[in-house]
Structure formats: C-alpha cells, structure tokens
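Accompanying notes for the structure given below.
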Amino acid sequence: MQIVSTIADARKIRASLNGTLGFVPTMGFLHEGHLSLVRRAREECDAVAVSIFVNPTQFSPNEDLNRYPRALERDLSLLKEAGVSFVFTPDAGEIYPPGFATSIDVGDVAKPLEGAVRPGHFSGVATVVTKLFNIIQPTKAFFGQKDAQQCAVIRRLVTDLNIPVDVVICDIVRNEKGLALSSRNSYLTDSEQERALLLHESLGKAQERIASGERNAETIKTLIAAILSKDPDFSVDYISVADPYSLTELDSVDDEALISLAVKVGNTRLLDNILVRKK
Ligand code: AMP
C-alpha cells in the first residue's frame with residue numbers, strides 16, 4: 001500500500017493504475033463503518049484509494065476541528081489489512097494553498113437539517129469532494145448512508161456538474177446494540193453510549209408504526225420526540241421525515257421517506273436515520 005500526501009504523487013499513482021478505481025473519502029479515526037465502504041469498493045473495483053483528510057472548511061468556527069479524533073498509524077494499518085492500493089493524506093495547505101477561493105453551493109438540498117444547523121458545512125463538503133474526485137479520478141466513490149444528507153448533496157453535485165464518477169451509497173454499520181458507528185462516538189462516556197441507543201430505538205418504533213399503516217409525518221415525528229424526551233440530557237436539533245433525494249419535508253409517507261435525527265447527547269452531537277418505504 002502506498003501512502004502519499006501531495007497531489008502530484010497521488011496523480012502519479014493514479015496514472016499508473018489500470019482498470020477501475022474505487023474511492024472512499026474519510027476524515028480518519030476509522031471504524032467498521034469506514035471499512036465496510038472499503039470492502040464494498042474492493043468487491044466492485046480493481047483497486048481502491050482512500051483519503052484521510054480532516055477538512056477544515058466543513059467545520060464551523062465553534063465546532064470540534066482541533067479536537068476531532070485522529071489515529072493515523074492505526075488507520076493506515078487497518079487500510080493495509082483491508083487491501084487498499086493507496087492512501088492520500090494531504091495536509092490543509094496542500095488542499096487549500098494561499099489564494100484558494102472557489103466554493104461549491106449545491107442549492108436547496110444543502111439548506112435544511114445539517115445545513116441549517118451547520119452553515120457552510122455542505123459547501124465545504126461539496127468543494128473538497130470535487131477536489132478529491134479531480135485528484136483521484138475514481139471510477140466509483142463510496143459513501144455511507146449514515147450521513148444521509150451528505151449522500152443527497154453528493155448525488156446532486158455529481159449530477160449537476162457532470163462528474164464522471166458512480167456514487168455508491170452503503171448501509172449504516174451499527175454496533176451490536178444498534179448504535180450507528182461514528183468517529184465522534186469516542187467522545188461519549190460509557191453511560192452516554194448506552195443512552196444513545198434510544199436514537200436507533202426511536203427510529204425502529206417509527207418504522208414499526210409506518211409498517212402498521214401510519215402515514216402522517218407529524219405523528220411519526222411526535223412519536224420519536226416522545227421517546228427521545230425520556231432522557232433529560234438529550235437535546236434534539238431536529239427530527240425530520242423527508243424525501244431522501246431532495247430533503248423536502250413530507251406531510252405524509254406515501255412512498256420512500258428518510259427519517260433522520262440529530263441529537264446532542266451530553267456534549268456530543270449524534271446523527272442517525274432510517275429509510276422507510278410504504279408497505
Ligand atoms: P467520515 O470519516 O465521518 O467523514 O466518514 C467517511 C465515510 O464513512 C462517509 O461516507 C460516512 O458516511 C461513512 N460512514 C461513517 N460512519 C458510518 C457507518 N456507521 N456506517 C456506514 N458508513 C459510515
């Protein structure tokens with residue numbers, strides 16, 4: 001496995017590869033969720049590239065950029081074991097040299113939910129993903145459904161800018177109790193980890209209710225809110241029942257719906273979601 005931190009070296013390796021290339025962009029501190037994307041990429045492509053870059057432009061000034069967890073050596077050994085061909089680990093100066101000025105605005109899909117709570121976040125994501133696509137030039141890129149709005153943003157971006165990359169969305173990987181894996185789970189105390197299971201539980205109850213015929217989005221949101229309110233330490237940012245592609249809020253679950261939520265558990269903000277379909 002080759003490890004490169006300059007764009008010039010990444011381009012050289014890319015040029016030397018034949019066949020299809022799968023790409024998994026990450027911010028590091030890897031867990032089974034990331035590795036599931038790498039495995040899928042290995043199944044579907046001849047070679048796999050992974051980037052590890054904690055992208056400063058997707059963090060607001062009051063967010064956790066400086067304390068975002070990092071474990072580069074461990075990440076590299078996991079990626080080597082997983083059969084990755086090359087890893088791109090640029091620093092911020094390589095990606096954003098002096099004079100850098102362009103940013104990508106993907107419009108309405110980036111505005112609600114995470115976009116409303118984290119202004120500029122998706123512009124940072126769309127811009128860095130476009131740069132990474134231009135540098136790595138993958139055949140397919142693999143993203144996790146865990147970040148459902150990010151998936152919608154990337155799909156919009158790739159379609160609107162005619163980027164010749166197939167976007168593959170992979171299922172959420174959870175721990176044995178149902179908590180969606182996230183690098184930020186490392187901020188949780190043991191007790192918070194346990195209590196955070198309510199997020200997935202509330203989504204499961206919503207899914208059951210829909211399976212037994214409930215259609216009203218407001219009723220579903222109220223059900224989830226009631227479950228989450230059992231923990232006085234939770235602070236709910238949003239509970240959403242939306243179209244999975246446009247992220248427009250739905251009044252009624254008539255076809256496919258993305259039920260997503262963001263909750264602060266103590267000081268840690270967690271996301272979870274579930275895709276539901278009318279039976
Ligand atoms: P991050 O390092 O948090 O930027 O995540 C890199 C990629 O891994 C993104 O496409 C995430 O959606 C995906 N990912 C993170 N956590 C999970 C998970 N629990 N299951 C599946 N994919 C995940």
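Whatever order the structure lists them in is the order used to number ligands and atoms, beginning at 1.
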Using distance alone, determine whether [X] and ligand 1 share an N or O pair under 3.5 Å.
{"X": "I172", "answer": "no"}
{"X": "V173", "answer": "yes"}
{"X": "S36", "answer": "no"}
{"X": "M27", "answer": "yes"}
{"X": "S183", "answer": "no"}
{"X": "F142", "answer": "no"}

D171 near ligand 1 by a heavy-atom separation under 4.0 Å =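 Yes.
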
Would you kindly check if the NZ (Lys) or CZ (Arg) of R14 is within the cone defined by 45 degrees around the ring axis of F88 and under 6.0 Å from the six-membered ring centre?
->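 No; the conditions do not both hold, so R14 does not lie above the ring face of F88.
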
Shortest non-hydrogen contact from D243 toward L250 =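 Minimum heavy-atom contact is N-CG, 3.7 Å.
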
In a check of side-chain contact (heavy atoms from CB on, under 4.5 Å) between I210 and each of N216, I259, I274, which one passes?
-> I259

Hey, which atoms in ligand 1 end up nearer than 4.0 Å to a heavy atom of [X]?
{"X": "L181", "value": "16 (N), 17 (C), 18 (C), 19 (N)"}
{"X": "F143", "value": "10 (O)"}
{"X": "P25", "value": "6 (C), 7 (C)"}
{"X": "T26", "value": "2 (O), 6 (C)"}

To the nearest 0.1 Å, how far is [atom] from its closest protein heavy atom, and which atom is that?
{"atom": "atom 15 (C) of ligand 1", "value": "H31 CE1, 3.9 Å"}
{"atom": "atom 22 (N) of ligand 1", "value": "G144 CA, 3.5 Å"}
{"atom": "atom 11 (C) of ligand 1", "value": "D147 OD2, 3.1 Å"}
{"atom": "atom 5 (O) of ligand 1", "value": "H34 NE2, 3.4 Å"}

Kindly indicate, with the supporting measurements, whether the criterion side-chain contact (heavy atoms from CB on, under 4.5 Å) is fulfilled by V24 and H34.
-> CA-CA 8 Å; V24 180; H34 300 107; 5.6 Å; no

Is it the side chain (CB and beyond), the backbone, both or neither of [X] that lies under 4.0 Å from ligand 1, heavy atoms counted?
{"X": "K146", "result": "side chain"}
{"X": "Q145", "result": "neither"}
{"X": "C151", "result": "neither"}
{"X": "L37", "result": "side chain"}

Any donor-acceptor pair under 3.5 Å linking the side chain of [X] with the backbone of [Y]?
{"X": "R215", "Y": "S252", "result": "no"}
{"X": "Q137", "Y": "N134", "result": "yes"}
{"X": "E256", "Y": "L275", "result": "no"}

Should we say atom NZ of K221 is surrounded by more than 12 heavy atoms from elsewhere, each under 6.0 Å from it?
-> yes

Flag if over 12 foreign heavy atoms under 6.0 Å of CZ, R42 = no

side-chain contact (heavy atoms from CB on, under 4.5 Å) assessment of C45 paired with F142 = CA-CA 11 Å; C45 300; F142 297 80; 4.2 Å; yes

Does a salt bridge link K264 with E192, judged by any charged N lying under 4.0 Å from a carboxylate O?
-> no

Hey, what's the ring geometry for F100 with Y96, parallel, tilted or perpendicular (30° and 60° as the breaks)?
->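 If you compare the ring of F100 with that of Y96, the planes turn out perpendicular.
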
